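Below is one structure; the comments refer to it alone.
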Amino acid sequence: MLDALTLAAGLAALALAAWCGFAFARDEPTKDWHFIGMAVVAVLALVQLVVGVVRLSGGEKPAQGTAIFVAYLLGAAAAVPAAGFMSLAERTRWGSATVAAGAVILAVLEVRLYDIWGG
Amino acid sequence: MSEHTTDMSGHTTGMSEHTDTGERAGFDLGQGPGRLLVWLYGVFTVAAASRSIVQMIMDFGRAPLAYVLSAAAAVVYAFITYSLVRGGGRARRAALVCCAAELVGVVTVGTWTLLEPSAFPDATVWSDYGMGYLFIPVVLPLTAMVWLRRAPR
């Protein structure tokens, strides 16, 4: 379940990065549809945070330590919403670039999460 | 300053230009491309700070040098983020100095970790020129310095 979520969130993040990167290339700010996309990715990361915490409270131990795992879960849940808020205040192509960067960061975090959980 | 109909219009235009360059402090460094830099510096502040805090709490004795260097990196990142958001001439100069310091830090620590790996039982943000972070620690100060020189004054 957790690995599937990690994969889904990672792929969704990459898709969001490509989409917002495309908007950046076309000199466009983030639009409503982009924010819906961000919401989908953010919900995936949030569900992952909840599932991760539930698994931890069930007594399971991440391979590389609980503290690091929780820190990365929190970072993953915060990455896209934070970038989204910054792009709200930046109505140029650079707002799109910010979200694209945030989505790439989330994808990297997902790879690390996979390692931290499974070893 | 918006009264264009006065007979002193030429004079007022000159005045407003003067005040524009003089006190247009605002958020000029954190807009446009600067917004992306604020975001990346913010992320690296959190990354470096949380990394050093977690490692120091868990086992400071394992690699004290690496953890202290990560903490120092976090402070530099935090200050540059703050300067970019604050904007203005002084913040610009301060950020330029810090970016230079950051670049020196990345190159020094990067070379140090390659020459003497035994001094670093655990990695820092700047190990191997920031390879574990997609080399962004090297690219970021260079990009930021270009932006700080070019940003609208």
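Treat the numbers as computed from the prediction; the structure is a model and nothing was measured.
Sorted by first and then second residue, the ring-ring contact (aromatic ring centres under 6.0 Å, His included) pairs with a member in residues 36-60 of chain A form an empty list; sequence neighbours excluded.
At a threshold of 4.5 Å between side-chain heavy atoms, the hydrophobic network of Ile, Leu, Val, Met, Phe, Trp and Tyr places V50(A) and L2(A) in two separate groups. A continuous path of hydrophobic side-chain contacts links V76(B) to L148(B) [ILVMFWY only; heavy atoms under 4.5 Å]. Put simply, M38(A) and F85(A) are part of the same group of oily side chains (I, L, V, M, F, W, Y) that touch within less than 4.5 Å, one to the next. A single hydrophobic cluster is not seen to contain both L96(B) and L103(B); linkage of ILVMFWY side chains at heavy-atom distances under 4.5 Å, directly or through other members, places them apart. Neither V104(A) nor V111(A) shares a network with the other; the hydrophobic side chains, linked directly or stepwise wherever heavy atoms of I, L, V, M, F, W or Y lie under 4.5 Å apart, form separate groups for each.
Contact of V108(A) with chain B is made through the side chain alone, with heavy-atom distances under 4.5 Å. If you measure heavy-atom distances from L134(B) to chain A, the contacts under 4.5 Å come from the side chain alone. Only the side chain of L40(B) comes within contact range of chain A, judged by heavy atoms closer than 4.5 Å. Heavy-atom distances place both the backbone and the side chain of A89(A) under 4.5 Å from chain B.
Considering only heavy-atom pairs separated by less than 4.5 Å from chain A, the leading option among L36(B), V43(B), I57(B) is L36(B). Put simply, of A97(A), A83(A), A71(A), A101(A), the one with the most heavy-atom pairs under 4.5 Å next to chain B is A83(A). When A79(A), A100(A), G95(A) are compared by the number of non-hydrogen pairs under 4.5 Å with chain B, A79(A) comes out ahead. Taking G32(B), P33(B), A47(B) one by one and counting their heavy-atom pairs under 4.5 Å with chain A, the maximum is reached by P33(B).
The environment of F135(B) atom CZ is dense: over 12 non-hydrogen atoms of other residues, nucleotides or ligands sit within 6.0 angstrom. Other residues, nucleotides and ligands contribute over 12 non-hydrogen atoms within 6.0 Å of the CZ atom of F60(B).
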Would you mind checking chain A against chain B for donor-acceptor pairs under 3.5 Å and listing them?
unit_1 : atom_1 : unit_2 : atom_2 : d
A89(A) : O      : R35(B) : NH2    : 3.3
E90(A) : OE1    : G32(B) : N      : 3.1
E90(A) : OE1    : R35(B) : NE     : 3.0
E90(A) : OE1    : R35(B) : NH2    : 3.2
E90(A) : OE2    : G32(B) : N      : 3.1
T98(A) : O      : W39(B) : NE1    : 3.2

